[in-house]
Each structure stands twice: as C-alpha cells, then as structure tokens.
2 protein chains.
Amino acid sequence: MLRITKQTDYGIVLLSHMAAEPERLFNAPELAEAAGLPLPTVSKILKMLARDGLLDSHRGAKGGYCLVSAPEEISVAEIIFSLEGPIAMTECIDDGPGECQQEGSCPLQANWQLINTAVRQALQGISLRQMAGPMGPQLVQLASRSAHSSLQP
Amino acid sequence: MLRITKQTDYGIVLLSHMAAEPERLFNAPELAEAAGLPLPTVSKILKMLARDGLLDSHRGAKGGYCLVSAPEEISVAEIIFSLEGPIAMTECIDDGPGECQQEGSCPLQANWQLINTAVRQALQGISLRQMAGPMGPQLVQLASRSAHSSLQP
DNA sequence: GTAAATAGAACCATATCGGTACTATTTTCT
DNA sequence: AGAAAATAGTACCGATATGGTTCTATTTAC
Ligand code: FES
Ligand code: FES
C-alpha cells in the first residue's frame with residue numbers, strides 16, 4: 001500500500017512533540033504518557049532514533065533523549081530512513097551495490113533509481129519543523145485516533 | 001521498509017515492455033513468457049491495471065491488453081496507485097475523509113498531507129516512457145534477477 | 001548501593017504479501 | 001453450434017513482515 005509503518009508514524013509524532021522544546025531532555029515514560037502510547041513501543045522507537053544519530057541519549061537516572069539538531073535541520077527523510085531502513089524501491093537496489101549479478105546489464109536499475117531519488121528528495125524537502133508547526137506544541141492524543149486499535153492494554 | 005511490492009515492480013516491467021509497441025495487443029501468456037514470470041501472477045497484475053483503466057482489455061480468443069494512453073502520458077504514480085492502492089502515509093488519511101472522528105482537531109493531519117502530496121507529485125513527475133527508455137525494447141529477464149527466488153516452478 | 005533510566009536482543013500473535021487455483025464469461029474459429 | 005482461447009473475478013494458502021511485549025545488561029544520579 002506504499003504506506004509508512006506505524007512506528008514511523010509514532011516516531012514523527014514523538015519528535016514533533018520534542019521539537020516544541022528542542023533543548024529539553026525528554027525521557028521515554030514522559031513521552032509515552034504524553035502521546036498515549038505504551039512505554040515499550042515508545043522506548044523502542046527512541047532507541048532506534050538514538051542509534052541513528054537523530055537523538056542524543058543520556059543514560060541513568062535523570063536520563064532521557066534530546067534532539068541533536070534544530071527541528072529545521074531534520075528532514076522527514078532522515079526519520080523515515082532511521083525507522084524503516086533505507087528507502088529502497090526494489091530488492092536489487094537495497095541489497096546494496098554489487099549484490100545483484102545482473103547489475104551491469106540490467107536495463108531497469110537506472111530507472112528505478114530515478115524513482116528512488118525523486119521520492120527521497122521529496123521527503124528531504126520537508127523538515128521536522130514543518131511537521132510540528134504551525135499548530136503549536138500541543139500533542140495529539142494518539143490513543144484516541146480512530147484506526148489505532150489496541151494500543152494501551 | 002517503504003518499498004513497493006513485487007507486484008508493482010513486475011507491473012512496471014510488463015508495462016515497460018508494452019510501451020515498446022504502444023499500439024499492439026499483448027496477451028497474458030505472451031507477456032509472462034517474455035518476462036519469465038508465472039502466468040497466474042502476470043494475469044493478476046494485468047487484471048488490476050485493466051480494472052483501473054490503465055489498460056484496455058479484449059476478451060475471448062485473440063484477446064489481450066493494450067495501453068490506453070501513450071507511454072508519455074502514463075505516470076508511475078498511476079501505476080503504483082493501481083497496484084498498491086492509494087498512496088496513503090497514515091491510517092487516518094487513507095481511511096478516507098470523515099472516517100476519523102478526530103479530524104477537525106487533529107494537528108498532524110494537514111502535515112501528513114504535506115508528505116503525501118510531496119511523494120505523489122514526485123511519482124507523477126516520472127512517466128512510463130522514462131521508465132521504459134532509453135534502453136530500448138529489450139526486456140529484462142526477471143527470472144534471473146537475484147532476489148526473485150521462486151518464480152517459475 | 002539503590003533507583004531510574006537507556007541498550008539491546010529475543011519473542012510471538014497477527015496482518016500483509018506473493019503466488020496459485022478455480023469458476024464464469026466473452027470472443028474467435030471451424 | 002460447439003470447441004478453443006482468452007480475460008474477469010474470487011477464494012485460498014504458505015511465507016514474510018509488522019506491531020508490540022518482555023527480559024537482561026549497562027549506565028548514571030542520589
Ligand atoms: S540490478 Fe538486479 S536485476 Fe537489475
Ligand atoms: S485524522 Fe485521525 S487522528 Fe488525525
């Protein structure tokens with residue numbers, strides 16, 4: 001269906017929330033509470049974002065996460081890339097260069113790259129700031145969103 | 001993983017093949033043979049494309065499919081739309097307007113539409129002609145592509 | 001040293017994808 | 001009229017991916 005996963009959806013919601021106070025340190029329980037999402041899920045998402053360098057993590061008591069860059073500097077492409085893996089439209093492409101034996105002679109590869117880069121550029125053109133604003137810092141209560149069925153136990 | 005499905009991959013390959021002779025009538029067995037794909041799969045894909053108006057179908061003996069429009073007029077967005085359903089990035093959006101109760105007050109919806117339209121426009125900017133060319137009419141043998149495992153019995 | 005937090009991996013139920021099979025309908029040809 | 005060849009539509013099943021949880025280890029504040 002060419003849709004992003006829920007994890008990415010949640011991830012952008014969480015980051016949007018953090019973007020309201022870019023300097024502040026947020027911990028996972030706090031964000032889970034704010035978004036109405038289960039803690040383990042939020043935790044998992046934040047871990048991924050930290051692993052890929054979008055968030056700085058501080059362990060231990062009083063730990064938490066904070067944005068590495070300003071919301072204007074973060075593109076949704078980076079977020080999606082972190083949470084879904086590379087944006088690859090065909091198997092031969094995301095297997096990495098050299099993986100496919102047909103590479104030299106494959107007539108479609110270059111054209112697929114056309115699509116890939118078009119989508120990538122489209123996503124790179126949208127910043128976290130744009131996603132967060134202009135609605136202000138209030139956080140949407142995900143728990144009440146229609147299609148999200150079994151979120152909280 | 002934000003990847004298109006194999007069906008769409010195959011669909012574009014088949015349409016690229018047809019784009020080489022836009023006037024000609026192709027039947028499913030012929031295309032299956034040419035692409036090295038199993039007939040049922042090819043059939044299924046062509047049915048979908050015909051259902052959504054990208055192909056004209058002629059039933060009966062000597063029947064087959066042909067492109068409705070010139071390859072320049074067909075965007076990959078239409079193809080993906082036909083084979084994967086609507087390009088919807090969040091559940092609330094592709095449930096259709098009115099489906100979600102929060103719609104009036106949801107601060108993220110407008111921003112998601114931003115992403116959706118960005119991607120859609122990126123895909124609309126690429127035509128079937130661009131995907132088919134400039135390599136000429138030779139058809140890639142899908143059966144030998146690395147990642148496509150169990151295609152022919 | 002204890003509590004609170006992140007890091008990382010493993011796990012499982014469920015939904016989606018990939019591919020097949022079967023029946024019905026339409027058209028051509030003899 | 002009847003047989004053959006093709007599309008239309010639906011239902012089905014195994015394999016894979018997703019969504020979410022749980023457990024253990026590690027780090028830091030107090
Ligand atoms: S690169 Fe693998 S088949 Fe084209
Ligand atoms: S439109 Fe459904 S929660 Fe935003």
Side-chain angles (χ1 to χ4, degrees), chain A residues 1-11 14 25-33 35-66 83-85 88 90-91 94 142-143 145 147-153, chain B residues 1-11 14 25-33 35-66 83-85 88 90-91 94 142-143 145 147-153:
Chain A
M1 174 91 72
L2 196 58
R3 67 167 17 147
I4 63 173
T5 62
K6 287 191 186 183
Q7 276 191 359
T8 304
D9 184 356
Y10 299 160
L14 295 172
L25 202 64
F26 296 84
N27 62 32
E30 172 188 7
L31 286 168
E33 163 69 20
L37 291 169
L39 172 59
T41 297
V42 170
S43 237
K44 185 180 187 175
I45 292 169
L46 295 174
K47 277 178 224 174
M48 286 193 269
L49 292 170
R51 166 176 48 76
D52 290 321
L54 278 93
L55 293 177
D56 260 347
S57 70
H58 298 267
R59 322 228 293 193
K62 296 269 183 128
Y65 299 90
C66 69
L83 262 25
E84 314 228 13
T90 57
E91 312 195 9
D94 78 328
L142 278 183
R145 289 172 77 177
H148 303 201
S149 38
S150 55
L151 291 181
Q152 290 281 40
Chain B
M1 174 92 71
L2 197 58
R3 68 168 15 147
I4 63 172
T5 61
K6 286 193 185 183
Q7 275 191 0
T8 304
D9 184 358
Y10 299 161
L14 295 172
L25 203 64
F26 296 83
N27 62 33
E30 172 188 7
L31 286 168
E33 163 69 20
L37 290 170
L39 173 58
T41 297
V42 170
S43 235
K44 185 179 186 177
I45 292 169
L46 295 173
K47 276 178 223 173
M48 285 194 268
L49 292 170
R51 167 175 50 74
D52 291 320
L54 278 92
L55 293 178
D56 261 347
S57 70
H58 298 267
R59 320 228 295 194
K62 296 266 184 131
Y65 300 91
C66 69
L83 262 24
E84 315 227 16
T90 58
E91 313 195 9
D94 76 329
L142 277 183
R145 290 173 75 179
H148 302 202
S149 38
S150 55
L151 291 182
Q152 290 283 42

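Protein chains get the first letters and strands the later ones, always in sequence-line order, with residue 1 at the start of each.
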Rounded interatomic separation in angstrom, taking OH from A:Tyr65 and P from C:dA4:
17 Å

When A:Gly64 and A:Lys44 are each assigned the nearest nucleotide of DNA chain C, the 5'-most assignment goes to A:Gly64

Among the candidates C:dT6, D:dT7, D:dG19, find the nucleotide nearest to the side-chain atoms of A:Ser57.
C:dT6

So, do B:Tyr10 and B:Thr41 sit near enough that their side-chain heavy atoms are less than 4.5 Å apart?
yes

I'd like to know if the side chain of A:Glu84 and the backbone of A:Ile4 have a donor-acceptor N/O pair within less than 3.5 Å.
no

In this structure, how many angstroms lie between the C1' atom of D:dT18 and the CD1 atom of A:Ile45, rounded?
12 Å

Whole-Å gap separating P (C:dA7) and CG (A:Leu49):
11 Å

If you check the B:Pro38 side chain, which of D:dT18, D:dT7, C:dT20 turns out closest?
C:dT20

What integer distance in Å separates B:Leu39:CG from D:dT7:C1'?
11 Å

Rounded to the Å, how far apart are A:Asp9 CG and D:dG20 C1'?
15 Å

So which nucleotide from C:dA7, D:dT7, D:dG20 ends up closest to the side chain of A:Tyr10?
D:dG20

So side-chain hydrogen bond (donor to acceptor under 3.5 Å, both in side chains) across residues 46-62 of chain B, not counting sequence neighbours, yields B:Asp52-B:Ser82

Contact state string [nucleotides 22-30 of chain D, B base, S sugar-phosphate only, - no protein heavy atom under 4.0 Å]
B---BBBSS

Length of the line joining A:Leu46:CG and C:dA7:C1', which is rounded to integer Å:
12 Å

The side chain of B:Asn27 lies closest to which of these nucleotides: D:dG19, C:dT6, D:dA6?
D:dA6

CD1 of B:Ile45 to NZ of B:Lys6: how many Å apart, nearest 0.5 Å?
11.5 Å

Using whole Å, report how far CE of A:Met48 lies from P of D:dG20.
11 Å

Between CG of B:Asp52 and C1' of D:dG9 the distance, given in whole Å, is 14 Å

